[in-house]
Amino acid sequence: MIMEHKRLESGGYMLFLAAITLGFALIIWPFLLPILWAALAAIMFQPMFQWFRRTMGGGSNRAAIATLLVITIAIIIPAFLIGGVVVDQATSVVVAFQKGRIDLAGWFETIFAALPGFLRENLQNSGLGSPALIQERAQELALESSGLIARQAVSITGSAFGFVLSFGVGLYVTYFLLRDGRPIGAKIIDHLPLGSNIARELADRFLSIVRATVKGSIVVGLVQGALGAATYWIAGMPSVVLLGLLTAFFSLLPAIGPAIVWAPVALYLLAVGDIWQGVVVLISGVAIIGMADNVLRPILVGRDTGIPDWIILVSTLGGIAAMGLAGIVVGPMAAGLFLAGWSILYRSRIGETETHTGAPA
């Protein structure tokens, strides 16, 4: 048995194993993102699956189907509906810029006149005080944006079958990961080429980071986006769903977050004379949208991930740049595992040092 084990770990077999693993990874690569989202959904909705399983008398198949129905009704369908509204509003804004219906030059003159004198002088000296230049740059941006939207529309239309296939694969994999995720995860941990304690610590770290990222970033971001959209609607702003989505997106950034959206909106409303609307946006941004993060994050996350804010910022932006929306989770997850791995190594070396010096471990 020992000789058989040694033969399996010989160079030839390990080379074969590496080659076939690489080949399998290349085969499933086109479906990497659907599989990733399926794994995240299975992790986040595993408690619901277990509840359905207990309620339905231990039926794993029925519990997985019921959980998928909840995911579809509560998340997927609303996401498609909101996405359609956002696309319509974004397109209308681009067309309005393109056709000159948005008088950005007039808005700029109003806001520019309300600025302090020294700031106006600095903007003029830097060449940013010309309304005509601002309007021209906005027109160029609108044309480029409309071209980008057109190309994306053609791309989505041309790959409709691929989208439907990826979507179906994601739901199919989610079903099996909900049903069999726990035993699969246990087998993966047992077969990792690491010590059992280290493997389980990394697995616990992975799960805590995923839950903290989804609950503490995505859920809180959606709440802040909804509060922002309601605020912009009360203030009479157009394209409130688009502005709300931008608020939710920028809430992923620590510290400044949604203020990147609501602060310019409040400044614009105050500058054009809509005083009470601007005050409403300002008060809501500070006291409601901004405080939602401080109130909800401790409740939803429960415990700190141990990742500094600046690392969360860099890893989130880097993850989005590398993988799109999936990078919102993958970026902080990679950062958390990076810190956990080095922390384990540091503790191990400290323990070895204390053992060699005779100090108590």
Side-chain angles (χ1 to χ4, degrees), residues 23-50 52-53 59-91 148-182 184-185 188 206-207 210-211 213-215 217-219 221-222 225-226 241-242 244-246 248-249 252 316 319-334:
F24 178 72
L26 291 175
I27 289 173
I28 67 171
W29 187 261
F31 300 101
L32 178 63
L33 287 181
I35 293 174
L36 174 62
W37 286 115
L40 295 176
I43 291 172
M44 296 306 303
F45 287 90
Q46 186 65 211
M48 180 181 292
F49 165 76
Q50 296 297 333
F52 275 124
R53 187 181 179 186
S60 297
N61 292 327
R62 289 177 296 169
I65 292 174
T67 307
L68 274 182
L69 288 176
V70 172
I71 294 173
T72 301
I73 295 173
I75 296 179
I76 296 176
I77 293 178
F80 278 121
L81 295 176
I82 294 174
V85 174
V86 169
V87 170
D88 290 340
Q89 292 188 357
T91 304
L148 177 62
I149 290 175
R151 288 193 298 271
Q152 291 296 323
V154 172
S155 175
I156 293 173
T157 304
S159 60
F161 176 75
F163 172 78
V164 173
L165 182 62
S166 297
F167 185 73
V169 168
L171 289 179
Y172 188 71
V173 173
T174 303
Y175 167 81
F176 284 101
L177 290 181
L178 282 169
R179 193 189 68 178
D180 307 323
R182 285 190 172 181
I184 291 175
I188 292 175
F206 169 80
L207 292 176
V210 169
R211 293 191 179 105
T213 302
V214 174
K215 292 181 180 179
S217 297
I218 297 179
V219 174
L222 291 176
V241 179
L242 176 61
L245 181 64
L246 291 175
F249 177 78
L252 298 172
T316 300
I320 293 173
M323 301 188 64
L325 290 178
I328 295 173
V329 178
V330 175
M333 183 180 68

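All values below were derived from every heavy atom in this structure, side-chain atoms included, with hydrogens, water molecules and symmetry-related copies excluded. Computed from a predicted model, the values in this text were never measured in an experiment. By convention here, the first residue in the shown sequence is residue 1.
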Listed once per pair and sorted, the side chain to side chain donor-acceptor pair (under 3.5 Å) pairs that draw on residues 26-46, sequence neighbours left out
Gln46-Gln50
Contact check, side chains of Phe45 and Ile75, non-hydrogen atoms, under 4.5 Å:
yes
Here the pair of heavy atoms bringing Ala74 nearest to Pro78 is O-CG, 3.5 Å
What's the spacing between Phe24 CZ and Leu26 CG if we round to 0.5 Å?
11.0 Å
Considering only distance and modelled atom types, tabulate donor-acceptor pairs under 3.5 Å from the side chains of residues 80-87, sequence neighbours left out.
none

List for me each residue that meets side-chain contact (heavy atoms from CB on, under 4.5 Å) alongside Tyr175, sequence neighbours excluded, and say none if there are none.
Asn61, Ala64, Ile65, Leu68, Arg179
Check the surroundings of atom OH in Tyr172: do more than 12 heavy atoms from other residues, nucleotides or ligands lie under 6.0 Å from it?
no
In short, Ala248 meets Gly221 closest at the heavy-atom pair CB-O, 3.1 Å
What are the two closest non-hydrogen atoms of Ser60 and Phe49, and how far apart are they?
O-CE1, 3.4 Å
Under the side-chain contact (heavy atoms from CB on, under 4.5 Å) test, which residues partner Ala39, sequence neighbours left out?
Leu177
From CA spacing to verdict: side chain to side chain contact (heavy atoms under 4.5 Å, CB included), Val173, Phe31:
CA-CA 11 Å; Val173 173; Phe31 300 101; over 6 Å; no
Closest contact, heavy atoms only, Pro34 versus Ser166
CB-O, 3.5 Å
Pairing residues for Thr72 by the side-chain hydrogen bond (donor to acceptor under 3.5 Å, both in side chains) criterion, not counting sequence neighbours
none
Just how far is it from atom CD1 of Ile71 to atom CE of Met48, taken to the nearest 0.5 Å?
7.5 Å
